[in-house]
Number of protein chains: 2
Amino acid sequence: MVQDSIRILQAQGHKATRPRKLVLEILEEMDRPLSPYDIQGVLRQRGKYLNHVTIYRVLDILCSLNLAHKMLSSGGFVRCSLDMAEGCHRFMVCQHCGAIREFADKELCQGENEFARNFGFHAEHHHSELAGLCSRCYRK
Amino acid sequence: MVQDSIRILQAQGHKATRPRKLVLEILEEMDRPLSPYDIQGVLRQRGKYLNHVTIYRVLDILCSLNLAHKMLSSGGFVRCSLDMAEGCHRFMVCQHCGAIREFADKELCQGENEFARNFGFHAEHHHSELAGLCSRCYRK
DNA sequence: GAGCTAAATGCAACAATATTGCATTAGCTC
DNA sequence: GAGCTAATGCAATATTGTTGCATTTAGCTC
Ligand SMILES: [Mn+2]
Ligand SMILES: [Mn+2]
Ligand SMILES: [Zn+2]
Ligand SMILES: [Zn+2]
C-alpha cells in the first residue's frame, strides 16, 4: 500500500509530498519496470505533471529506503513487493512478457557470501536477476 | 589473451578487424568496467580513433559471445575472465576501489533455478553482482 | 596480387537518459 | 496562520544509446 510507504518515508524524516505519492501510486498500479520518463508519461495522460528531475529524485529516495528497486537489466523501476529487512531482494524477469517477480532467500545469500569469502571478498549486498520465462509464457 | 578472443570471433563468422582488436586490447589492459565512451577516450589519448557507434557494435558482439560482460550496476563493460560454458558468470564488485572479480558456481545457479521453479518460473540465465569490499580494501 | 562481395565502419542526425545550480513553492512545526 | 527548511520546477547541459546510409575493408576466388 502507498500509505505504508509514505509512513516509512516520514519516519525517516522525509515529507509526504504530492510527487512522492503520485510516483508510488503509478509504480504500485503498473506493476512492471517503468523508467522515470515512463512514469512522467503515464501521469501526463492523466492530466498530471511532474518534472522528470523530481521523478528521479523521488526514485532515489525510494530506492535508498528499499521501497523501490532499479532493475539493472532494463533500467526501469519497480515497487518493492517484499518486507524490508528480509535480506537482499532478487528478481525473476520474464523475457517474453516483461513481468517481474521479486523474491528473497537467505540461503542463496549465505551461499554467495561464503563463496565470495573464499576469495577474500566481503559482500554487503547482492543484486540478482534471473532471466527466463514466467509460468504463463512458458506454457506456449 | 586478445588472440584467443579474435579466434573465437572468427570461428563464429565475424571478421578480425582493427576496431575489434583495439577494444579487446583496452578491456584487457584496463581491467575495470569501461563505458564505450571511456574506451573511446583511452584510445584517443593514444592517438587512435574509433567512432562510438563502432565501439557499441563491437561490445554487442563481444557480449553476445560472452567474451565481455556489461556490468549492470555501473553500465561499464569488462572482459570475461572465465571460460565460456562454465555456467553463468557472477561478479564481485568492490565498492571502494571498483575492482571486479568474476566467478562461477554451478551450485548457486542450481539453487536459484530450483527456487524459481517453485514459483513456476523457468530461468535461462542469471546475472548476479555482489557489492562489498575486496580483500585489500577490507583491511582498512 | 587484382577483383569481388558481404560485412563492417564512419558519419550525421537524433533519441533517450541523467545531472546540476538556482529561484520558487509547499510540508511541517509551532 | 507565520516561519523555516525541505522539496519542487525550470533551464541548461552532460551522458548514453540508436538509426539510416554512404564508404571502406577483410577475407575469399582466381
Ligand atoms: Mn525489495
Ligand atoms: Mn564471463
Ligand atoms: Zn511472461
Ligand atoms: Zn577494493
Side-chain angles (χ1 to χ4, degrees), chain A residues 2-3 5-27 32-44 47-65 67-78 98, chain B residues 2-3 5-27 32-44 47-65 67-78 98:
Chain A
V2 169
Q3 272 310 318
S5 299
I6 291 293
R7 259 188 291 275
I8 294 173
L9 276 179
Q10 288 184 306
Q12 302 297 320
H14 301 286
K15 295 182 178 175
T17 65
R18 188 183 93 106
R20 289 169 185 173
K21 289 174 194 163
L22 286 175
V23 169
L24 278 167
E25 277 171 25
I26 301 297
L27 285 183
R32 64 189 170 82
L34 296 176
S35 77
Y37 292 93
D38 289 337
I39 294 170
Q40 192 180 45
V42 173
L43 285 168
R44 204 192 307 272
K48 319 219 173 190
Y49 174 77
L50 289 182
N51 188 279
H52 73 274
V53 181
T54 299
I55 300 175
Y56 274 97
R57 294 194 275 226
V58 169
L59 290 169
D60 276 349
I61 290 184
L62 296 181
C63 287
S64 76
L65 298 177
L67 297 172
H69 301 291
K70 178 169 193 168
M71 298 306 302
L72 296 181
S73 49
S74 67
F77 292 83
V78 290
Chain B
V2 169
Q3 273 309 318
S5 299
I6 291 293
R7 258 189 291 277
I8 293 174
L9 275 180
Q10 289 184 305
Q12 302 297 320
H14 301 286
K15 295 181 178 176
T17 65
R18 187 183 94 106
R20 288 168 186 174
K21 288 174 194 162
L22 287 175
V23 169
L24 279 166
E25 276 170 25
I26 301 298
L27 284 184
R32 63 187 171 85
L34 296 176
S35 77
Y37 292 94
D38 289 338
I39 294 171
Q40 193 180 44
V42 173
L43 285 168
R44 204 193 308 272
K48 321 220 174 190
Y49 173 78
L50 289 182
N51 188 279
H52 72 275
V53 181
T54 300
I55 300 175
Y56 274 98
R57 294 193 275 225
V58 169
L59 291 169
D60 276 349
I61 290 183
L62 296 181
C63 287
S64 75
L65 299 176
L67 297 172
H69 301 291
K70 178 169 193 169
M71 299 305 302
L72 296 181
S73 49
S74 67
F77 292 82
V78 291

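Because only heavy atoms are used, hydrogens play no part in the values below, and waters and symmetry mates are left out as well, while side chains stay in. No experiment lies behind these values; they were computed from the predicted model shown. Chain A is the first sequence line, chain B the second, and so forth, proteins listed ahead of strands; every chain is numbered from 1.
Between the NE2 atom of H52(B) and the P atom of dA16(C) there is a distance of 15 Å, given to the nearest Å. Rounded to an integer number of Å, the gap from CD of Q10(A) to P of dA6(D) is 16 Å. Rounded to an integer number of Å, the gap from CG of D60(B) to C1' of dA7(C) is 15 Å. Remark: C1' of dT15(D) and CG of D38(B) are 11 Å apart, rounded to the nearest angstrom. Separating the CG atom of L59(A) from the C1' atom of dT17(C) is a distance of 13 Å, rounded to the nearest angstrom. A straight line from CG of L72(B) to P of dT17(C) spans 16 Å, rounded to a whole angstrom. Counting to the nearest Å, the C1' atom of dA18(C) and the CZ atom of F77(A) are 10 Å from each other. To the nearest angstrom, P of dT9(C) lies 14 Å from CD1 of I39(B).
Summarising the geometry, atom CD1 belonging to I6(A) is positioned 14.0 Å from atom NZ belonging to K15(A); distances are rounded to the nearest 0.5 Å. We find the CG-CD1 distance between L62(A) and I55(A) to be 11.5 Å, quoted to the nearest 0.5 Å. We find the CG-CG distance between L67(B) and L24(B) to be 7.0 Å, quoted to the nearest 0.5 Å. Here K70(A) contributes atom NZ and L72(B) contributes atom CG; the two are 10.5 Å apart, rounded to the nearest 0.5 Å. To the nearest 0.5 Å, the span separating CG on L50(B) from CZ on R18(B) amounts to 5.5 Å.
Across all strands shown, dG1(D) is found opposite dC30(C) as a Watson-Crick or G-U wobble partner, with both distances under 3.5 Å. dA6(D) is paired with dT25(C) under the criterion used here, namely a Watson-Crick or G-U wobble arrangement in which both key atom distances are under 3.5 Å.
Looking only at distances, no side-chain donor or acceptor of D60(A) sits under 3.5 Å from a matching main-chain atom of R57(A).
Taking all atoms of both residues into account, the shortest heavy-atom contact from K48(B) to L22(B) is CD-CD2, 4.0 Å.
Residue Y49(A) is classed as a sugar-phosphate contact, given heavy-atom separations below 4.0 Å to backbone atoms only. Q40(B) comes within 4.0 angstrom of no nucleic acid atom, judged by non-hydrogen atoms across all strands.
Closest to the side chain of V53(A), from the set dT19(C), dT17(C), dG17(D), is dT19(C). Out of dG9(D), dT9(C), dT17(C), the shortest distance to the side chain of T54(B) is found at dT9(C).
Regarding contacts with the backbone of dA18(C), a side-chain N or O of Y56(A) is found under 4.0 angstrom from either OP1 or OP2. When the side-chain nitrogen and oxygen atoms of H14(B) are compared with OP1 and OP2 of dA7(C), none of them lie within a distance under 4.0 Å. Remark: K70(B) is not in phosphate contact with dT16(D), judged by side-chain N or O atoms under 4.0 Å from OP1 or OP2. Within the 4.0 Å cut-off from OP1 or OP2 of dT24(D), not a single side-chain nitrogen or oxygen of K15(B) is found.
Between the side chain of Y37(A) and the base of dA18(C) there is at least one donor-acceptor pair of N/O atoms closer than 3.5 Å.
Listed by chain and residue number, nothing satisfies the side-chain hydrogen bond (donor to acceptor under 3.5 Å, both in side chains) test with T17(B) (two or more places apart in sequence, or in another chain).
Residues from residues 16-25 of chain B placing a heavy atom under 4.0 Å of any atom in DNA chain D, listed by number, are A16(B).
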